[in-house]
Number of protein chains: 4
Amino acid sequence: MSFSVAVAGASGYAGGEVLRLLLSHPDAEIGALTGGSNAGTPLGTLQPHLVPLADRVLEETTPDTLAGHDVVFLGLPHGQSAEIAAALPDDVVVIDCGADYRLTDPAAWERFYGGPHAGAWPYGLPELPGQRDHLRGATRIAVPGCYPTVSTLTLAPAVAAGIVDPDVVVVAASGTSGAGKAAKPHLLGSEVMGNASAYGVGGVHRHTPEITQNLSGLTDTPVRVSFTPVLVPMPRGILATCSAPLSGGGPHLPADDAYAVYEKAYAAEPFVHLLPQGTWPQTKSVVGSNAVHVQVTVDEAAGRLVAVGAVDNLAKGTGGAAVQCMNLALGLDEGTGLSAVGLAP
Amino acid sequence: MSFSVAVAGASGYAGGEVLRLLLSHPDAEIGALTGGSNAGTPLGTLQPHLVPLADRVLEETTPDTLAGHDVVFLGLPHGQSAEIAAALPDDVVVIDCGADYRLTDPAAWERFYGGPHAGAWPYGLPELPGQRDHLRGATRIAVPGCYPTVSTLTLAPAVAAGIVDPDVVVVAASGTSGAGKAAKPHLLGSEVMGNASAYGVGGVHRHTPEITQNLSGLTDTPVRVSFTPVLVPMPRGILATCSAPLSGGGPHLPADDAYAVYEKAYAAEPFVHLLPQGTWPQTKSVVGSNAVHVQVTVDEAAGRLVAVGAVDNLAKGTGGAAVQCMNLALGLDEGTGLSAVGLAP
Amino acid sequence: MSFSVAVAGASGYAGGEVLRLLLSHPDAEIGALTGGSNAGTPLGTLQPHLVPLADRVLEETTPDTLAGHDVVFLGLPHGQSAEIAAALPDDVVVIDCGADYRLTDPAAWERFYGGPHAGAWPYGLPELPGQRDHLRGATRIAVPGCYPTVSTLTLAPAVAAGIVDPDVVVVAASGTSGAGKAAKPHLLGSEVMGNASAYGVGGVHRHTPEITQNLSGLTDTPVRVSFTPVLVPMPRGILATCSAPLSGGGPHLPADDAYAVYEKAYAAEPFVHLLPQGTWPQTKSVVGSNAVHVQVTVDEAAGRLVAVGAVDNLAKGTGGAAVQCMNLALGLDEGTGLSAVGLAP
Amino acid sequence: MSFSVAVAGASGYAGGEVLRLLLSHPDAEIGALTGGSNAGTPLGTLQPHLVPLADRVLEETTPDTLAGHDVVFLGLPHGQSAEIAAALPDDVVVIDCGADYRLTDPAAWERFYGGPHAGAWPYGLPELPGQRDHLRGATRIAVPGCYPTVSTLTLAPAVAAGIVDPDVVVVAASGTSGAGKAAKPHLLGSEVMGNASAYGVGGVHRHTPEITQNLSGLTDTPVRVSFTPVLVPMPRGILATCSAPLSGGGPHLPADDAYAVYEKAYAAEPFVHLLPQGTWPQTKSVVGSNAVHVQVTVDEAAGRLVAVGAVDNLAKGTGGAAVQCMNLALGLDEGTGLSAVGLAP
């Protein structure tokens, strides 16, 4: 089954990653490519690694240029997806890599993003319990944020099983591509190389309500999330260090039991890989792949469960998830065109 | 006042950093330099950045080669300082950059390091309340670990003021030089570049009891510490993201009040720099310097105080602290030969 | 057509890259994996990115363990391939990623490598004029060195066309993985990050005679090669800056003419990509791929042709070339399982 | 002797480096700090590593704000220095970190920079033969470009001694800070990390005529320069690999003789450090310092002398040279406030 795909925002990192993956998808025919200020430029200038598409010239991002494809990926700045999506026929599969349709709570949207809430689409994290069914055959899908993907998957089994109190702490070290391709002085190579810095500290980062929403959906009690992102000198990858008090504050939970909970949760997942006990995740193992690596243990002295997850923010954290969701939407095998093998060293 | 200095372990990162700083100390005369397996090698081959010492040949690390100096720095593998120190006269200032004399609790020593506990020397963190007085004129000083330095200073004001519960979470992103200069495959450039990885997860890292000891000394209740180190791709620097529940679990603490607590605590400290509110620390600002940069806020939704600190693990985290302590021991101005200005970009 | 493959040296960078690529090869069945000191260790510990092979346990590198496969890749330290290869049947395809069989001149071998010369196998650079035919159906193939691959392909059209004098200068900036996975102090992350260094200067690097051999084969006059490798802080990739005097010393050669020479030379090559005029290669565009990116111009004032090439030293520079050669040896489509699309950013 | 200093362009990399060095200069009193679009912003926001100046607010860059100081440093975009300089009294020491007054040949200026040629000031490279005398007491000094500094010093002894033909090839790997602090997409951390790229290839980089001017001044024959800059993933540092044919094309030059030529040339230079034979420069050894590290050898087979130099582009390559020149201009010891000790690892 062959199908046609258009990508809006093809000059950005999300759009570029979707295209990189589609180039090894056996059934996708790459159609219109659009870009905001880059319309008129050949893709070879903007994404020189996408050699087979080097001569494609970017068009303007309008419903007209995107029309007539089976699938449309949106890799647009936050707030710009709604208008485009509304103009596309209902039977076109629209997959939004932006934040517009991720949050179900309009108040959370307004507090963290401002402006009117566009609504909520099926949330593209098939590894959440029961979520895969909502994505099969869907025609509108919201791809999760990169931090929420790894934070949620790293904590979900513990929260769902009730072995921790609903009061989690996430500190996530991220590569720089999550900040996008817009040129800002603090993202210059000269600034980020040799440098680790915290930002969005104190619960103000926009991915906070999304993590909260995901984890709270797994349990009866609202989950409190303390989330701190840290920028570290690498282009891709997020390593999320997550912890929560052992539930009840007292009862002893052997590390083996915690591990067993995770083992059971992810036994059938093709892209979530619980590492052998004692081995801890590293981002390099998942770079370029759709895999999430997870490990968990118990710190008895501190009374906390500690879990660590690694993801490639552009792959499983954005473009890979987008293609995975597309496969589900189209009724294809979920892993078509995707790999669980990272690029190392 | 001129004085003579010997450095044991001059071929390592700690010894090299002590020497780098001593080269700009107006009164220090650099005497014997020793190195384990590198004895007989000119320093220029091992530490080519220390140009003025390029022709110095390393001697063997014995009490004899180190004798006859006013100050002896020990930059030796853990467990090797005791024998050397015991053989040096009591009036020689001996400053140990290793872990041997940091912990006061023999049980903690045995659990985390193994082997017999050598004892405890005055702890070289002058910024701890009351600690400076213990270092003036001391002839034996234990330089703190790098993670404990930044974690302690980032949390101390909050813990001492009782505005948080004694149950802290520290996730610290560190450059690779903290792991030393011994060649191990997982520390190869090919492995660490483009990679973030967790290690020593679950309360097993050796710096955990040291952080616990420091913070517990500031309050009546033992402090529980959940500490996770993360290796990130930079040679120097640690960024510690620290948080703890607001005390009492309930009362509202305005971020301004938390900031005021820190402001008061560090107003007179020459090397701890509380950043202007809203500005968050980055390691690049402190690289090469003896400064610690700190910021604090309150995450109301999560009910936690969040503080972030940055330090150069080799400078204020090791060699800078060693020189600072030497200055106190010798009755010099504490900051002689040290700088609060980092190397950026 | 399905075939079985064994990999000797599966714990190293070359072996790991061969396996990474074979995992997406539609017809390869991965059989025995061997490793020197790592025999008995599961691959998941050594190459955690190769998730599907995580449970495979490395065997000892002996002819017995490697026997019974259709293809055997050798990723062994220099000098160790001959004995293994001699013990394998003639009809097994043996592809040596090491240097043992690259040089045709025993004197050059002895001068640069020492020890007896094992001989010369068909040289696995199908892009050299006429070379592809020597590789189709071959059962013994020597994979080129990484620097020779990119240096040769960057200069070959100019040398073959006689538009430059046979007196070339190559300065190649390389990532660290080319130095292998053996732990050495100068390759530690702490040493290489933030650092550029020259090594093997003055014509002493072992890849010098290989570049000389390749280029001299394209013309009637022996080519003189000044080759300097530079280590730069990245895990993968080589950027080779190559130049040579315009032939005759005098006649003016328009840059367009030089470009046309290259265009003609590489028009039909699936993996050598001459960039649009004015665009210069970067290693990031080829990372993880089997592509070589090339650009050329003329510096009239200096009287030199200047060409720049980029390659992933582990992919097209080693493992990719090995798989490409295997495809030729087996009569498959040359590009099976390989991609010309790099991983960026 | 105390003197006052103003810095125009204090928010940029050149200005920031001048300030970093002035903060450890015993006699400098830092006065007005100005910045283009950053006027009105506290320096702490823009250069957070310069802690002692954190509260200084940038003023507009006008002759008025700069007036009344003994020394004025200009760290302005090319073409903006002339107007400011003309408005400052003749007896004020004006040190231009930009390119405006470096080239003596108006035609070269126009070809490479465009626009009218402002003129030529004493060239701030005291290590050039005879040049130091021109800088003592000077009131207008042009600080050399970073590439020209290291390229010139790496080749000067060979060119001046006539042991090479006047036909040099320079390939220089540079960190990113040389490109300045203006945000451009190709300089983003996501783009430069893990990436080596060539730019300004074919003799078109603006530093080409400056290298040519410097080397041609050392000999009777005009020197031809083939210069290629390569961007590599580090914030600071340049490693220049330089070579030239041995003079006469024939006579054998022992490497020891070449080394002796360099030894003699730099014996008395405080900041140019010829490494012990067999040791090759690395940028890390000179980061943050005013040192240049140099090594030289002969490649007999290629008939070339090969020399490599390392410099910190912001320190000796810009701000350090500026302070060194200021010291000469004011009659101070040339090395005041400067160090030959680099920051490693």
Side-chain angles (χ1 to χ4, degrees), chain C residues 167-175 186 188-204 208 212 224-228 230-239 241 243 245 255 280-285 287 295 297-304 306-308 310 344-345, chain D residues 167-175 186 188-204 208 212 224-228 230-239 241 243 245 255 280-285 287 295 297-304 306-308 310 344-345:
Chain C
D167 203 359
V168 308
V169 174
V170 176
V171 179
S174 174
H186 76 285
L188 283 174
S190 302
E191 299 294 316
V192 298
M193 288 187 285
N195 198 12
S197 58
Y199 71 103
V201 187
V204 301
T208 309
T212 304
R224 295 206 299 180
V225 175
S226 166
F227 170 58
T228 309
V230 171
L231 202 66
V232 300
M234 56 192 195
R236 284 175 180 244
I238 299 178
L239 189 88
T241 301
S243 68
W280 288 89
Q282 58 174 10
T283 58
K284 183 165 280 207
S285 294
V287 162
Q295 184 56 283
T297 194
V298 166
D299 181 344
E300 221 176 296
R304 297 181 80 88
V306 187
V308 177
Chain D
D167 203 359
V168 308
V169 173
V170 177
V171 179
S174 174
H186 76 285
L188 282 174
S190 302
E191 299 294 316
V192 297
M193 289 186 286
N195 198 11
S197 59
Y199 70 104
V201 187
V204 301
T208 309
T212 304
R224 295 205 300 181
V225 175
S226 166
F227 170 59
T228 309
V230 172
L231 202 66
V232 299
M234 56 191 197
R236 285 176 179 241
I238 299 177
L239 189 88
T241 301
S243 69
W280 288 89
Q282 59 174 9
T283 58
K284 184 164 278 207
S285 294
V287 162
Q295 184 56 282
T297 193
V298 166
D299 181 343
E300 220 175 297
R304 298 181 80 88
V306 187
V308 178

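Below, read A as the first sequence line, B as the second, and so on, with proteins coming before strands; counting in each chain starts at 1. Keep in mind that the numbers below use all heavy atoms, side chains included, and drop hydrogens, waters and symmetry copies.
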> Is it the backbone or the side chain of D:Ala198 that comes under 4.5 Å from a heavy atom of chain C, or both, or neither?
Replying inline: both
> Side chain, backbone, both or neither: which part of D:Val201 has an atom under 4.5 Å from a heavy atom of chain C?
Replying inline: both
> Which heavy atom of D:Lys284 sits nearest a heavy atom of C:Met193, and at what distance?
Replying inline: NZ-O, 2.8 Å
> Quick one: what part of D:Ser243 sits under 4.5 Å from any heavy atom of chain C, side chain, backbone, both or neither?
Replying inline: side chain
>> Taking salt bridge (Lys or Arg N to Asp or Glu O under 4.0 Å) as the definition, give me every residue that meets it alongside D:Asp299, ordered by chain and number, with sequence neighbours left out.
In response: none
> Of the backbone (N, CA, C, O) and the side chain (C-beta and beyond), which part of D:Ala196 lies under 4.5 Å from a heavy atom of chain C, both, or neither?
Replying inline: both
> If you tally heavy-atom pairs under 4.5 Å against chain C, which of D:Ala310, D:Ser190, D:Ala255 wins?
Replying inline: D:Ser190
>> Which atoms of D:Pro281 are under 4.5 Å from chain C, going by heavy atoms: the side chain, the backbone, both sets, or neither?
In response: backbone
> Side chain, backbone, both or neither: which part of D:Val225 has an atom under 4.5 Å from a heavy atom of chain C?
Replying inline: backbone
>> On a heavy-atom basis, which atom in C:Ala301 and which in D:Arg224 lie closest, and how many Å separate them?
In response: O-CD, 3.4 Å
>> Counting heavy-atom pairs under 4.5 Å with chain C, which one of D:Gly194, D:Ser174, D:Gly175 comes out on top?
In response: D:Gly194
> Excluding sequence neighbours, so at least two apart, what forms side-chain hydrogen bond (donor to acceptor under 3.5 Å, both in side chains) with C:Ser285?
Replying inline: C:Gln282
> Out of C:Ala344, C:Gly202, C:Pro235, which one racks up the most heavy-atom pairs below 4.5 Å with chain D?
Replying inline: C:Gly202
>> Here's a test for you: under side chain to side chain contact (heavy atoms under 4.5 Å, CB included), which of D:Val232, D:Leu239, D:Val230 qualifies with C:Val230?
In response: D:Leu239
> side chain to side chain contact (heavy atoms under 4.5 Å, CB included) with C:Val306: which of D:Thr228, D:Val169, D:Val171?
Replying inline: D:Thr228
